[in-house]
Amino acid sequence: MSQPHRRTVVVLAAGEGKRMKSALPKVLHPLLGRTLLGHVLAAAGPLRADRTVVVVGHGAEQVRTHLAEVAPDATGVLQAEQLGTGHAVRIALDAVPESTGTVVVINGDVPLLRTETVEALVTAHEGEGAAATVLAAEVPDPTGLGRIVRDAAGWLEQIVEERDATPAQRALREINAGIYAFDLARLRAALGKLSTDNDQGEEYLTDVFGLLFSAGEPVGVHVAADHVETLGCNDRVELAGLRRLLRDRVNEAWMRTGVTILDPATTWIDVTVTVGRDAVLDQNTQLRGATTVGAEAVVGPDVTLIDTVVGPAATVLRSHATGAEVGAGASVGPYAYLRPAARLAERAKVGTFVEVKNSDVGPGAKVPHLSYVGDATIGAKANIGAATIFVNYDGVNKHRTVVGDGAFVGCDTNLIAPVEVGAGAYVAAGSALSQDVPPGALGVTRAPQRNIEGWVLRNRPGTVSARAAEQARGAAEDASGGSTAASEGEAIHGGAETV
Ligand code: UD1
Ligand code: CA
C-alpha cells in the first residue's frame, strides 16, 4: 500500500527535566530495557516515517550518542536554549526540506505510548484532512497538564496550559498528552505566528491549535482509549509508577503467550527480552537486556539475568548471570554467579557458590560446589569436585585450563593455568596442579601424610581434645588392643559426590 502522505516524526527531547534532580538528561533515564527516549522512538518506529528528527538540548552530546545507538537514522537537531515546545518544533522543521506531508510530534517523555495509538491518531488526522490533531485523554488528576478547551459544539477551540488557565478551565479533566499530528505546510505557517505572551514567556506549540482554529482551519482531537499511555515522566516518583505499569503490561503479554509468572508483582522483564512457552518465572526474577529464556525453562526465585541466553528446560535458581549461555536442560544455582562468556552446554550443572567466567562447561559436566572456573574448557561429563579453583591469573596474564571429557577433579584442587587434565584423567583431592595430567592418569601433588602418635596428650593436656583422646585410647585398649592407625591404601582422591 502506498502512503498517501509523506511523514516526519519530531521528538522533543531538549528539556532538562529539572524535577528528576539528575546529572542524566531526563530522556536518558532507563525504564525496563530502554531509555524514555528509546521507548518513544520504538513506538514511532513502525510508522515508517520518511524522516525522524529529535530535538536535543540539555545533555545534547549524551543524547546524540544514545541516538546513534538506538536510532542511527534519526537526525539530532540542537535547540541551544529551551524557549518552548513551539520553538523546538520550529527548529526541528528547519531540518525538514519537504513542504507537504504529515508531521507527528511526540514529547520525549511518554514511554508507555503504543504504536497503535499514534497510528490511530495519524490515521484520524489524515482521514479528516485536519490542519492539526491532538491526542487527548481523560485523566483522574490533570494537575500540571495543558487542558483541551472545546467550544459549545464540542470542537477544540484552544489548548491552555494550567498556569495560564482560568479556574473553569482548570476544572477540565481532558488533557493534552503532548502527542500531535500536523499538516506540515499549515504547521510551518502557524509556528511563524507564535507569541511568547504567556506565564513562562515561551513559544508554546499548543498555541498552534488556537491560531488554526481562529483562522477557520479544521483542528481535531483524538481521545486515547487508555489514558495510561499518555502519562509523562517528570520526577523519579512518576518514573517508578511508569515502571510498575510497564512491568504489568509486559508480564501480562508474556502470560498470554503461555509463560507462567508466579508473582507478577516481583517479576521485572525488560521489553527487549523473549521468553518461551511454558517457561516458569518464579518470584523476584529480573530478566534484562538481550536475555532470552527458552521453552519450559524454570527461572527463579531470586534470579537476575542480564544479556543471558537460557536454553529450553534449563533451571536457574537464586543466581546472577551476565553475558552467559545456559544450555538446554542445564542447571544453575542456587547461588551461582555466571559472568560474561560463561557457556554451559546442554545438561551441564553449575551449583552452589560457583563462579564461572569466560569458560565452556561441556555437555553433562558438573561443577556442583564452591568453585571458581575462569578461562577454562571443561569436557563432556567431567566432574569438578567441591572447592576447585581454576587459577587463571598470574598477576600479569590470564591463562587457560583444559579439563578433558570424563575427567574427575577431586575436591579442593588448584588447577594452575596453563594446565591440561587429559580425558578420563583423575586429579587427587587437595592437589595444586601445575603440570599436565595425561589421559587416564592420576595426578597427585600432595605431601605424604604422617601421624605423630600421642601429640595431643603431650602438647595440649587438659583440653577437650585431650580428654576425648584419652577416652578413645581407653576404649580401644578395652576392645583387645587392635591398631587404629590408617591403612596404607588410604583414599587420596574423591569428590564430595560421585554422581
Ligand atoms: C507540555 C504541553 C502540555 C501537555 C504536556 C504533556 C506545551 C506548551 N505544553 O507541557 O499542554 O499537557 O506537555 O506532557 O507544549 N521541550 C523541548 N524544548 C523546549 C521545551 C520542551 O525540547 O524548549 C521538550 C521537553 O524535553 C519534553 C517536551 O518538550 O520532552 C515537553 O516539555 P515540558 O516542558 O515537559 O512540557 P510540559 O510543561 O509538560
Ligand atoms: Ca512534561
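Start at 1 and go down the list; that is how both ligands and their atoms are numbered. Values reported hereafter were calculated over all heavy atoms of this structure, with side chains retained and with hydrogens, waters and symmetry mates removed.
- Every N/O-N/O distance between V27 and ligand 1 stays at or above 3.5 Å.
- Between the side chains of T75 and R51, no donor-acceptor pair of N or O atoms lies under 3.5 Å.
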- Intermediate values then yes/no, side-chain contact (heavy atoms from CB on, under 4.5 Å), I378 and F390: CA-CA 11 Å; I378 297 174; F390 287 67; 3.8 Å; yes

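- Applying the side chain to side chain contact (heavy atoms under 4.5 Å, CB included) rule to S359 yields the partners V356, V373, A376; only residues at least two apart in sequence or on another chain are considered.
- When each atom of ligand 1 is checked for a heavy atom of G146 under 4.0 Å away, the hits are 3 (C), 4 (C), 11 (O), 12 (O).
- In terms of polar-atom proximity, L12 is counted as a contact of ligand 1, with an N or O under 3.5 Å from an N or O of the ligand.
- Evaluated for a side-chain contact (heavy atoms from CB on, under 4.5 Å) with I91, the options V10, V53, V77 yield exactly one hit, V77.
- For ligand 1, the atoms lying closer than 4.0 Å to a non-hydrogen atom of Y204 are 8 (C).
- Tested against E174 for a side-chain contact (heavy atoms from CB on, under 4.5 Å), the candidates V139, I148, L145 yield a single pass: I148.
- Side chains of T102 and H125: no donor on one and acceptor on the other come within 3.5 Å.
- Only backbone heavy atoms of L83 (N, CA, C or O) come within less than 4.0 Å of ligand 1; its side chain stays farther off.
- The closest heavy-atom contact to atom 38 (O) of ligand 1, among the options Q82, E161, H87, R147, comes from E161.
- For ligand 1, none of its N or O atoms has an N or O atom of I159 under 3.5 Å away.
- Between Y335 and F353, the ring planes lie parallel to each other; the angle is under 30°, not in the 30° to 60° tilted range.
- Remark: ligand 1 atoms within the under-4.0 Å shell around heavy atoms of A13 are 22 (O), 26 (O).
- Using a 4.5 Å cut-off on side-chain heavy atoms (C-beta onward), E162 and P142 make no contact.
- Between Q79 and ligand 1, a contact under 3.5 Å exists for at least one N or O pair.
- Heavy-atom proximity to atom 6 (C) of ligand 1, evaluated over V134, N176, L37, T85, is greatest for N176.
- Considering backbone and side-chain atoms together, A177 places no N or O closer than 3.5 Å to any N or O of ligand 1.
- Using a 4.0 Å cut-off to heavy atoms of A14, the atoms of ligand 1 that qualify are 17 (C), 18 (N), 22 (O), 26 (O).
- The shell of residues lying under 4.0 angstrom from ligand 1, judged by heavy atoms, excludes I175.
- No option in D263, T267, T266 other than T267 meets the side-chain contact (heavy atoms from CB on, under 4.5 Å) test with L281.
- Comparing N107, V10, V54 by heavy-atom distance to atom 31 (C) of ligand 1, the nearest is N107.
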- Stepwise side-chain contact (heavy atoms from CB on, under 4.5 Å) test for Q82 and E16: CA-CA 9 Å; Q82 282 68 59; E16 177 181 12; over 6 Å; no

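- Taking 4.0 Å as the cut-off, G232 does not count as a neighbour of ligand 1 on heavy-atom distance.
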